[in-house]
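First up is the structure itself, then whatever we jot down about it.
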Amino acid sequence: VTVVFVASDVITFLIQAAGGGTSTSQNLKTRDLGQKIFLVGLILQLVSFFFFTTLLVSWTIKVHKHEPALWTKDQREGKPWYLDWRALLFALYISCAGILVRSFYRAIEISQGYHGHLATEEGFFYTLDSLPLLFAIGVYVAFWPGRFISATPLHHAVDAEANLPNKSEAVFVNEGLELQGRPIVTGRPAEMPSSDATPVGSRTPEEKP
């Protein structure tokens with residue numbers, strides 16, 4: 001999904017850039033062609049983002065209906081509402097709404113031409129372009145995704161690794177630490193060899209040189 005929508009953004013942006021550059025031509029026909037290309041890029045971008053928002057709504061409904069434990073996970077863990085993952089989801093909806101409003105406005109504006117009613121009225125620009133984008137971006141100041149989407153905590157793994165005789169055998173995974181080919185060390189001191197053990201390289205009394 002990520003690859004599809006990132007590619008869509010890049011392609012539609014390049015189409016708009018090509019149309020915008022062509023529309024600066026002194027030739028009237030070339031200028032009109034550039035405006036049409038620019039409009040096509042805006043419409044494709046609008047369709048792409050509308051489809052993304054539709055997928056988001058569908059995913060939200062399915063999680064709420066079929067995964068109640070996941071839906072209320074942060075609430076049951078006692079996290080405040082502003083650290084609940086659903087707060088980030090709400091912020092994403094605000095962002096999507098702002099981008100959709102702006103995209104609809106831009107598509108209609110360009111369809112009327114650079115001298116159309118929407119393009120020549122400054123109030124429409126601030127209300128339907130600047131303000132929606134302000135909400136779409138500014139919402140993440142309060143609900144920064146990094147506070148909700150973090151790496152797996154490593155403090156438990158670090159504590160466990162400190163007890164290992166051979167730290168190279170530790171492998172960090174998800175919730176803790178696994179060992180390859182040996183049990184987890186519990187802190188019991190290793191058994192020491194007995195005092196009468198024969199040192200490596202020495203000979204017993206029965207052995208003759």
Side-chain angles (χ1 to χ4, degrees), residues 1-21 23 34-114 116-152:
V1 174
T2 302
V3 174
V4 171
F5 287 109
V6 169
S8 173
D9 275 347
V10 173
I11 293 173
T12 54
F13 175 79
L14 292 176
I15 294 175
Q16 293 174 51
S23 64
Q35 181 176 328
K36 292 178 180 178
I37 294 174
F38 189 67
L39 179 59
V40 169
L42 287 173
I43 293 175
L44 289 177
Q45 186 180 50
L46 173 60
V47 171
S48 173
F49 199 79
F50 183 81
F51 182 58
F52 170 81
T53 306
T54 302
L55 287 180
L56 177 63
V57 172
S58 175
W59 178 85
T60 303
I61 294 174
K62 289 180 180 179
V63 172
H64 182 267
K65 183 177 180 180
H66 301 292
E67 299 289 344
L70 176 60
W71 182 258
T72 59
K73 175 180 179 294
D74 289 346
Q75 181 181 2
R76 286 183 289 104
E77 292 178 356
K79 293 183 179 180
W81 68 269
Y82 51 85
L83 292 180
D84 192 313
W85 73 270
R86 291 171 296 183
L88 178 61
L89 180 64
F90 180 71
L92 183 57
Y93 274 108
I94 294 177
S95 183
C96 289
I99 294 175
L100 283 175
V101 169
R102 190 257 183 185
S103 297
F104 272 112
Y105 161 73
R106 291 288 287 158
I108 298 174
E109 176 196 28
I110 297 302
S111 68
Q112 294 180 352
Y114 293 123
H117 181 62
L118 291 179
T120 55
E121 290 291 334
E122 192 174 15
F124 288 117
F125 173 78
Y126 287 117
T127 305
L128 300 175
D129 192 312
S130 300
L131 190 60
L133 283 184
L134 177 63
F135 283 115
I137 299 173
V139 68
Y140 295 114
V141 174
F143 301 100
W144 181 245
R147 296 211 317 263
F148 302 87
I149 307 173
S150 59
T152 301

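Values below: every heavy atom of this structure, side chains too, minus hydrogens, waters and symmetry copies.
With sequence neighbours left out, the side chain to side chain donor-acceptor pair (under 3.5 Å) criterion links Tyr82 to no other residue. Every residue meeting the ring-ring contact (aromatic ring centres under 6.0 Å, His included) condition with Phe52, not counting sequence neighbours, appears here in chain and number order: Phe5, Phe49. Applying the side-chain contact (heavy atoms from CB on, under 4.5 Å) rule to Glu109 yields the partners Tyr105, Arg106, Leu118, Ala119; only residues at least two apart in sequence or on another chain are considered. For the side-chain contact (heavy atoms from CB on, under 4.5 Å) test, no residue two or more places apart in sequence or in another chain qualifies with Thr127. In terms of the side-chain contact (heavy atoms from CB on, under 4.5 Å) criterion, residue partners of Leu134 (sequence neighbours excluded) are, by chain and number, Leu131. Here Thr72 pairs with Arg76 under the side chain to side chain donor-acceptor pair (under 3.5 Å) rule; sequence neighbours left out. Taking the side-chain contact (heavy atoms from CB on, under 4.5 Å) definition, one finds that Tyr114 meets it with Ser23, Gln35, Phe38, Ile110, sequence neighbours left out.
Atom CD1 of Ile37 is separated from atom CG of Leu42 by 12.5 Å, given to the nearest 0.5 angstrom. Distance NE2/His66 to CD1/Ile61: 10.0 Å, rounded to 0.5 Å. With rounding to the nearest 0.5 Å, the separation of CZ in Phe104 from CD1 in Ile43 is 10.5 Å. Atoms CG and OG, from Asp129 and Ser103 in turn, are 9.0 Å apart once rounded to the nearest 0.5 Å. Here the straight-line distance linking atom CH2 of Trp85 with atom CD1 of Ile149 works out to 10.5 Å at 0.5 Å rounding.
A 4.5 Å side-chain heavy-atom check between Leu55 and Trp59 finds every atom pair outside the cut-off.
Between the side chain of Arg147 and the main chain of Leu83, no donor-acceptor pair closer than 3.5 Å is present.
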Quiz: residues 9-21 side-chain donor-acceptor pairs under 3.5 angstrom, not counting sequence neighbours:
| unit_1 | atom_1 | unit_2 | atom_2 | d |
| --- | --- | --- | --- | --- |
| Thr12 | OG1 | Ser8 | O | 2.8 |
| Thr12 | OG1 | Asp9 | O | 3.1 |
| Gln16 | NE2 | Thr12 | O | 3.4 |
| Gln16 | NE2 | Gln45 | OE1 | 3.2 |

Show which side-chain atoms of residues 89-99 pair as donor or acceptor with protein atoms under 3.5 Å away, not counting sequence neighbours.
| unit_1 | atom_1 | unit_2 | atom_2 | d |
| --- | --- | --- | --- | --- |
| Tyr93 | OH | Leu56 | O | 3.4 |
| Tyr93 | OH | Thr60 | OG1 | 2.8 |
| Ser95 | OG | Ala136 | O | 3.0 |
| Ser95 | OG | Tyr140 | OH | 3.4 |

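For residues 54-74, the pairs satisfying salt bridge (Lys or Arg N to Asp or Glu O under 4.0 Å) are Lys73-Glu77, Asp74-Lys79, with sequence neighbours left out. Sorted by first and then second residue, the salt bridge (Lys or Arg N to Asp or Glu O under 4.0 Å) pairs with a member in residues 35-53 form an empty list; sequence neighbours excluded.
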